[in-house]
Peer 1: 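Before we start, here is the structure in question, set down as C-alpha cells.
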Amino acid sequence: MPGKQSDSQAKEDVEINIQNVMFIRHGESEAHIGKAATHIEEVGLTEAGKRKADEIADMFLSIPDLIISSPYLRAWETAYPTIQHFSSVTHVTWPEVREFTYLGSLRGQCLTKQERSGKVDEFWKRCDPEHRDVDGESFSQFVGRARKTLAQLREMNGFIVIFTHEQFIRVVQCLLLEWTEEDMEMKPEHMKQFRKMLLDYPLPYGYVDDASWQQHLYQPEFVLSQAPLPVR
C-alpha cells in the first residue's frame, strides 16, 4: 500500500525538466476475475496483473523524473515494480488520479463485479451528470477532478509517469482530444459518449498512453487510441 513519500503535498516541491506525461492503466485486478471486495479502493492485482506490472517496469527507454500513483491498491501494486526499478526517482500518491467511484450506496458491502452490475447500469442509464449515489462522485465532479489534474500537470515539466485507471485515462483523453472549452458544463450527451467509449473500446490492462497533451491539446480531430502506444 502507499506509504513513504506519498504525501500529496510533495507534488508542490517537485522540480523536473523534460516534456512528456505517460498514463498507464493498472494490471488485471481480482475484481475483474470475479472476486468480491468491500470497496474498489481495496482491490488488488491477480498474479497475471503482477506479471504485467513487472513487464511495465522493464519497458522504459528513459528514466522518469516523477512517478505518480493513484491511492487505489491495484494502481499502487502496478506502480511498485517501477518504483523499485527507479529507486532514486521521486514517487508520490495523488488522490486526484483515482478511479471514478460513483456507487457510494454500496460502500462497505462485500460484493463482486457482477453483484454491482445492476447499480452500475442504473447509474449510467440515469445519465444525469450531476447525480450522486449517496456520497459517491457525480460525473461532473469526476470530469472537474480530471480538469484540475491536467491544470496541475501543465504547471510541471519533466517525464512524468502516472499509474491510474481506465476511466480516468479515458476522461483525460476526452478532455484533451474530444471536448472543447465550450464543453465546460457536462451534459447528458457527454456522459452517453463517455459510457459508449468505455463499452465499445475497453482499454487493456497495462495500457500505456505516452502521447503528451502538449502535442494534441489543440487537435480535437485526433482519433482516440484503441491500442497501447509504444514507449519512447
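From a predicted model like this one, the values you see are computed outputs, not experimental measurements.
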Peer 1: Is the closest side-chain heavy-atom distance between F159 and S62 below 4.5 Å?
Peer 2: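 SC-SC contact between F159 and S62 confirmed.
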Peer 1: Is the closest side-chain heavy-atom distance between L198 and E166 below 4.5 Å?
Peer 2: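 Yes - at least one pair of side-chain heavy atoms lies under 4.5 Å apart.
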Peer 1: Please tell me whether T46 and E28 have a donor and an acceptor in their side chains that are separated by less than 3.5 angstrom.
Peer 2: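 Yes - a donor-acceptor pair under 3.5 Å links their side chains.
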Peer 1: Not counting sequence neighbours, which residues clear ring-ring contact (aromatic ring centres under 6.0 Å, His included) with F168? List them please.
Peer 2: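 None.
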Peer 1: Output the distance between atom CD1 (I68) and atom CD1 (I24), rounded to the nearest 0.5 Å.
Peer 2: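 Spacing of CD1 (I68) from CD1 (I24) equals 11.5 Å.
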Peer 1: Sequence neighbours excluded, which residues qualify as side-chain contact (heavy atoms from CB on, under 4.5 Å) partners of E77?
Peer 2: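 With sequence neighbours excluded, E77 shows a side-chain contact (heavy atoms from CB on, under 4.5 Å) to L45, L73, given in chain and number order.
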Peer 1: Looking at Y72 versus H165, is the centre-to-centre ring distance below 6.0 Å?
Peer 2: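 Ring-ring flag for Y72/H165: true, centres closer than 6.0 Å.
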Peer 1: According to a hydrophobic-cluster definition based on side-chain heavy atoms being under 4.5 Å apart (Ile, Leu, Val, Met, Phe, Trp, Tyr only), do V97 and Y205 belong together?
Peer 2: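 No, V97 does not connect to Y205 through the hydrophobic network.
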Peer 1: How long is the span from the CD1 atom in I67 to the OG1 atom in T93, to the nearest 0.5 Å?
Peer 2: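 Result: 11.0 Å between the selected atoms.
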Peer 1: Looking only at atom types and distance, does a side-chain atom of E155 sit under 3.5 Å from a main-chain N or O of Q152, one as donor and one as acceptor?
Peer 2: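 Side chain of E155 to backbone of Q152: no pair is present.
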Peer 1: If we only count heavy atoms from C-beta on, is the S70 to E99 side-chain gap below 4.5 Å?
Peer 2: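 The answer is no; the side chains never approach within 4.5 Å.
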Peer 1: Could you go step by step and tell me if R147 and M184 meet the side chain to side chain contact (heavy atoms under 4.5 Å, CB included) rule?
Peer 2: CA-CA 9 Å; R147 288 188 193 278; M184 289 293 289; 3.4 Å; yes
Peer 1: Exactly one of T164, I162, L153 should register a side chain to side chain contact (heavy atoms under 4.5 Å, CB included) with W94. Which one does?
Peer 2: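 That would be L153.
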Peer 1: Any side-chain heavy atom of V161 sitting closer than 4.5 Å to one from L66?
Peer 2: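 No - every pair of side-chain heavy atoms lies 4.5 Å or more apart.
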Peer 1: Does the pair R145/E96 count as a salt bridge with the N-to-O cut at 4.0 Å?
Peer 2: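 Not counted as a salt bridge, because no side-chain N and carboxylate O are separated by less than 4.0 Å.
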Peer 1: Find the distance between NE2 (H190) and SG (C127) and round it off to the nearest 0.5 Å.
Peer 2: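 Atom-to-atom, H190:NE2 and C127:SG are 11.0 Å apart.
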Peer 1: V120 and Y102: side chain to side chain contact (heavy atoms under 4.5 Å, CB included), yes or no, with the steps?
Peer 2: CA-CA 9 Å; V120 169; Y102 50 87; 3.3 Å; yes
Peer 1: Starting at CD of E47, measure out to CD of E30 and round the result to the nearest 0.5 Å.
Peer 2: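 Answer rounded to 0.5 Å: 8.5 Å.
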Peer 1: Output all residues satisfying side-chain contact (heavy atoms from CB on, under 4.5 Å) with E189, sequence neighbours left out; order by chain, then residue number.
Peer 2: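 Applying side-chain contact (heavy atoms from CB on, under 4.5 Å) to E189 gives K187.
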Peer 1: Check step by step if side chain to side chain contact (heavy atoms under 4.5 Å, CB included) holds for W124 and K196.
Peer 2: CA-CA 10 Å; W124 290 103; K196 178 174 172 55; over 6 Å; no
Peer 1: Please tell me if the side chains of V171 and F100 come closer than 4.5 Å, counting only heavy atoms from C-beta onward.
Peer 2: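 Not touching, per the 4.5 Å side-chain cut-off.
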Peer 1: With sequence neighbours left out, what residues match Q167 under side-chain hydrogen bond (donor to acceptor under 3.5 Å, both in side chains)?
Peer 2: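 Counting only residues at least two positions away or on another chain, Q167 forms no side-chain hydrogen bond (donor to acceptor under 3.5 Å, both in side chains).
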Peer 1: For L103 versus R116, what's the shortest heavy-atom pair and its separation?
Peer 2: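 Reported closest heavy-atom pair: CD1-O, 4.2 Å.
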Peer 1: Short question: side chain of R98, backbone of P95 - any donor-acceptor pair under 3.5 Å?
Peer 2: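 Yes.
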Peer 1: Taking G44's backbone N and O only, do any of them form a donor-acceptor pair with S29's side chain (distance below 3.5 Å, no angle check)?
Peer 2: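 Checked: no pair found.
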Peer 1: Rounded to the nearest 0.5 Å, what separates atom NE2 in H91 from atom CZ in F86?
Peer 2: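 The NE2 atom of H91 sits 14.0 Å away from the CZ atom of F86.
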Peer 1: To the nearest 0.5 angstrom, please state how far the CG atom of L150 sits from the CG atom of L175.
Peer 2: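 If we round to the nearest 0.5 Å, L150:CG and L175:CG are 6.0 Å apart.
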Peer 1: Please confirm whether the backbone N or O of Y201 pairs with a side-chain atom of R170, one donor and one acceptor, at under 3.5 Å?
Peer 2: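 Checked: pair present.
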Peer 1: Would F123 and H131 count as a side chain to side chain contact (heavy atoms under 4.5 Å, CB included) here? Give the steps.
Peer 2: CA-CA 8 Å; F123 178 86; H131 172 68; 3.9 Å; yes
Peer 1: By the salt bridge (charged side-chain N to carboxylate O under 4.0 Å, His left out) test, which pairs, at least two apart or in different chains, include something from residues 125-134?
Peer 2: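 Qualifying pairs, neighbours excluded: K119-D133.
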Peer 1: Flag the pair I160 / D65 as yes when at least one side-chain heavy-atom distance between them is below 4.5 Å, and no otherwise.
Peer 2: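 Sidechains of D65 and I160: no contact.
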Peer 1: Which pairs would a plain distance check flag for residues 48-60, meaning a side-chain donor or acceptor within less than 3.5 Å of a matching protein atom at least two apart in sequence or in another chain?
Peer 2:
residue: K52; atom: NZ; partner: E55; partner atom: OE1; Å: 3.4

Peer 1: Are M186 and W179 packed together at the side-chain level, in the sense that at least one heavy-atom pair is separated by less than 4.5 angstrom?
Peer 2: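 Yes - at least one pair of side-chain heavy atoms lies under 4.5 Å apart.
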Peer 1: Is any side-chain heavy atom of E178 less than 4.5 Å from a side-chain heavy atom of M197?
Peer 2: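 Answer no - side chains too far apart.
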Peer 1: Does the gap between the ring centers of F194 and F139 come in under 6.0 Å?
Peer 2: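 Yes; F139 has its ring centre under 6.0 Å from that of F194.
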